[in-house]
Amino acid sequence: MANKAIHCFLLTHFLLQIAHTYARVPAIIVFGDSTVDSGNNNQMSTLLKSNFQPYGRDFFGGQPTGRFSNGRLPTDFISEAFGIKPVIPAYLDPSYDIIEFATGVCFASAGTGYDNATSDVLSVMPLWKELEYYKEYQQDLRGYLGNEIANEVLGEALYLLSIGTNDFLENYYVLPKRSLEFSIEGYQNFLVGICGNFITELYNLGARKLSITGLPPMGCLPLERTTNILFGGDCIEEYNDVAKDFNEKLKGMIANLNKQLAGIRLVLSNPYDILLEMIQNPEFFGFKEAAKACCGTGMFEMSYLCDKINPFTCSDANKYVFWDSFHPTEKTNGIIAFDVMKNSLAEFLW
């Protein structure tokens with residue numbers, strides 16, 4: 001009887017939250033890779049994990065959660081900006097259930113990509129499996145809220161997809177299979193096609209408000225600059241050009257889907273320019289270092305190489321654009337989220 005009363009209270013609280021939220025976005029639903037994975041890889045047999053210190057040292061309570069940062073991710077900041085909650089839980093985290101997931105949930109898996117071959121590299125969750133978990137979530141949400149309310153939540157929720165960098169830096173430029181099969185433009189088109197199909201599947205499942213995150217200036221990630229050390233450790237402009245071209249292809253695909261799918265509101269959230277600005281003018285944003293990361297030497301450490309016994313890790317991550325050799329600091333994530341809210345997600349506030 002007590003459990004039933006608690007359930008009724010929580011359900012009533014959730015319905016009131018929907019009614020009083022100034023934005024018509026009752027939930028944030030996240031798909032993608034390590035840029036937005038809030039801990040799903042913790043539950044998987046993969047070497048790509050970050051559920052140990054110093055990851056999370058600036059998160060609430062100083063706890064490592066599986067987020068590849070010293071603190072929160074852009075999606076956490078976006079959820080808070082919509083007045084929902086300050087963090088988005090990972091779907092595979094056993095400490096959460098449908099009560100918490102009703103207002104936001106993350107299906108992302110670090111190391112994955114649009115291409116199934118990318119997820120195979122480090123044995124992580126492929127994008128199609130993220131979609132399967134989402135279908136499971138839909139059933140649970142309908143069981144919790146009832147069909148009518150659940151369908152409204154699913155239709156009004158904001159869906160965020162952040163993925164693609166690993167397809168190039170972990171797959172195409174490292175392993176021979178795809179580079180022998182595709183030209184770089186052909187591979188870009190291949191990935192854009194997968195993205196379009198994924199968005200269409202979400203649309204057919206009831207999603208209407210969606211954002212696709214473009215690629216960052218991936219040639220300027222500290223790890224890539226380290227591989228370019230013989231040329232002074234500069235950004236690899238070839239990779240940056242590929243990112244810009246890919247983002248343009250995404251923009252074209254988004255324009256087509258907005259015409260083809262009735263009622264869809266699909267936008268491109270492009271972090272390229274704001275992150276490049278931070279890298280080129282770090283002092284303007286209050287940073288002191290943009291070429292190297294905070295963790296370890298800042299040149300190559302990531303995941304298990306970024307551990308708490310590394311004596312070189314910086315004391316103040318707010319002075320760094322990057323936390324590890326591949327991922328931004330919490331401060332950078334917050335700036336990116338603010339820029340995205342201002343330039344692409346603002347239309348969903350009303």
Does either side chain, that of T103 or that of K85, offer a donor lying less than 3.5 Å from an acceptor on the other one?
yes
Is any side-chain heavy atom of I274 less than 4.5 Å from a side-chain heavy atom of F285?
yes
Can a donor-acceptor pair be found, under 3.5 Å and without considering hydrogens, that links the side chain of D37 to the backbone of N40?
yes
Exactly one of I236, L276, D241, D273 should register a side chain to side chain contact (heavy atoms under 4.5 Å, CB included) with P217. Which one does?
L276
Distance-only polar pair, side chains of N41 and T46, donor-acceptor under 3.5 Å:
no
Any side-chain donor near an acceptor of the partner, T35 and H327, under 3.5 Å:
no
Decide if atom NZ of K249 counts as having more than 12 heavy atoms of other residues, nucleotides or ligands within a radius under 6.0 Å.
yes
Crowded around K209 NZ? As in, over 12 foreign heavy atoms under 6.0 Å?
yes
Taking the six-membered ring of Y320, is the NZ or CZ of K288 close enough (under 6.0 Å from the centre) and on axis enough (within 45°)?
no
Taking side chain as C-beta onward, heavy atoms only, is F101 less than 4.5 Å from D140?
no
Does Y172 reach the main-chain N or O of I184 with its side chain, forming a donor-acceptor pair under 3.5 Å?
yes
Could you check Y304 against F52 for ring-ring contact (aromatic ring centres under 6.0 Å, His included), going step by step and ending with a plain yes or no?
CA-CA 9 Å; Y304 286 109; F52 46 84; 4.9 Å; yes
Heavy atoms of S109 and V124 approach each other most closely as OG-CB, 3.4 Å
Is there a continuous path of hydrophobic side-chain contacts, each under 4.5 Å between heavy atoms, that joins F31 to W128?
no
Between S269 and T213, is any side-chain donor less than 3.5 angstrom from a side-chain acceptor?
no
Decide yes or no for V36 and R67: does some side-chain heavy atom of the first lie under 4.5 Å from some side-chain heavy atom of the second?
no
Taking atom CD1 of I212 and atom OG of S162, what is their separation to the nearest 0.5 Å?
11.0 Å
Could you verify whether a donor N or O on one side chain and an acceptor N or O on the other, from K49 and N42, lie under 3.5 Å apart?
no
Are any side-chain N or O atoms of S123 and backbone N or O atoms of S45, one a donor and one an acceptor, separated by less than 3.5 Å?
no
Got M341 and L349 here, is their nearest side-chain heavy-atom distance under 4.5 Å?
yes
Does the pair C314/C295 show an SG-SG distance of less than 2.5 angstrom?
no
Rounded to the nearest 0.5 Å, what separates atom CG in L127 from atom CG in L161?
6.5 Å
Taking atom CD1 of I163 and atom CG of D167, what is their separation to the nearest 0.5 Å?
6.5 Å
Is the closest side-chain donor-acceptor distance between Y55 and D324 under 3.5 Å?
yes
According to side chain to side chain donor-acceptor pair (under 3.5 Å), who are the partners of N256, at least two apart in sequence or on a separate chain?
none
Would a single hydrophobic cluster contain both L47 and M125, if residues Ile, Leu, Val, Met, Phe, Trp and Tyr are joined by side-chain heavy-atom contacts under 4.5 Å?
no
Holding to disulfide (SG to SG under 2.5 Å), I want the full list of residues that pass it with C195, two or more places apart in sequence or in another chain.
none
Donor-acceptor contact present, side-chain S79 to main-chain D76, <3.5 Å
no
Taking 4.0 angstrom as the limit, do K319 and E289 come out as a salt bridge?
no
Mind listing the closest non-hydrogen atom pair of T313 and G296 along with its distance?
OG1-N, 2.9 Å
Would you say the side-chain atoms of R72 pair up with the backbone N or O of P86, donor to acceptor, closer than 3.5 Å?
yes
Please name the pair of heavy atoms, one in C306 and one in P54, separated by the smallest distance, quoted to 0.1 Å.
O-CD, 3.6 Å
For T65 and S38: C-alpha separation, side-chain torsions, deciding distance, then whether side-chain contact (heavy atoms from CB on, under 4.5 Å) applies.
CA-CA 7 Å; T65 61; S38 56; 5.8 Å; no
Can the ring centroids of F190 and F182 be said to lie less than 6.0 angstrom from one another?
yes
Is the backbone N or O of L221 less than 3.5 Å from a side-chain atom of E224, with the two atoms forming a donor-acceptor pair by type?
no
For a quick test of reading the model, state the closest non-hydrogen atom pair linking I88 to T75 and the distance between them.
CD1-O, 3.4 Å
Aromatic plane relationship, Y114 with F246 - under 30° parallel, 30 to 60° tilted, over 60° perpendicular
tilted
Side chains of K129 and Y133: does their closest heavy-atom pair fall under 4.5 Å?
yes
So which atom in C220 and which in I279 form the shortest heavy-atom distance, rounded to 0.1 Å?
CB-CD1, 3.6 Å
Using a distance-only test with no angle check, is there a side-chain donor-acceptor pair under 3.5 angstrom linking Q138 and Y134?
yes
Identify whether the distance between the nearest side-chain nitrogen and carboxylate oxygen of K177 and E181 falls below 4.0 Å.
yes
R265 and F348: side-chain contact (heavy atoms from CB on, under 4.5 Å), yes or no, with the steps?
CA-CA 9 Å; R265 296 168 65 187; F348 299 118; 3.8 Å; yes
Beyond-backbone contact of R142 with N151, side-chain heavy atoms, under 4.5 angstrom:
yes
Please check: side-chain N/O of S325 versus main-chain N/O of L223, any donor-acceptor pairing under 3.5 Å?
no
d(W323 CH2, S50 OG) to nearest 0.5 Å is 10.5 Å
Could you walk me through whether E330 and F77 pass the side-chain contact (heavy atoms from CB on, under 4.5 Å) check?
CA-CA 10 Å; E330 179 182 59; F77 287 107; 3.8 Å; yes
Please check: side-chain N/O of T332 versus main-chain N/O of P328, any donor-acceptor pairing under 3.5 Å?
no
Keeping the roles fixed (side chain from N51, backbone from G66), state whether a donor-acceptor pair exists under 3.5 Å.
no
Counting N and O atoms only, with roles assigned by atom type, does the side chain of N228 sit under 3.5 Å from a partner on the main chain of G233, one being a donor and the other an acceptor?
no
Measure the spacing between OG1 of T329 and CE of M278 and express it to the nearest 0.5 Å.
8.0 Å
Kindly state whether the ring of Y96 and the ring of Y91 have centres lying under 6.0 angstrom apart.
no
Taking C-beta and beyond as the side chain, do F168 and L191 meet within less than 4.5 Å on heavy atoms?
yes
According to a hydrophobic-cluster definition based on side-chain heavy atoms being under 4.5 Å apart (Ile, Leu, Val, Met, Phe, Trp, Tyr only), do I98 and L145 belong together?
yes
Heavy-atom pair with the smallest gap, counting every atom of L215 and G164:
CD2-C, 3.5 Å
Common cluster, Y272/L160, ILVMFWY with side-chain heavy-atom separation under 4.5 Å:
no
Whether R208 engages the ring of Y203 as a cation-pi pair (distance to the six-membered ring centre under 6.0 angstrom, angle to the ring normal within 45°) should be assessed.
yes
Taking the side chain as every heavy atom from C-beta outward, state whether E170 and V174 have any atom pair closer than 4.5 Å.
no
To the nearest 0.5 Å, what is the distance between CG (L210) and CG (L158)?
7.5 Å
Atom NZ of K135: over 12 foreign heavy atoms under 6.0 Å:
yes
Of D339, V267, V25, which meets side chain to side chain contact (heavy atoms under 4.5 Å, CB included) against L345?
V267
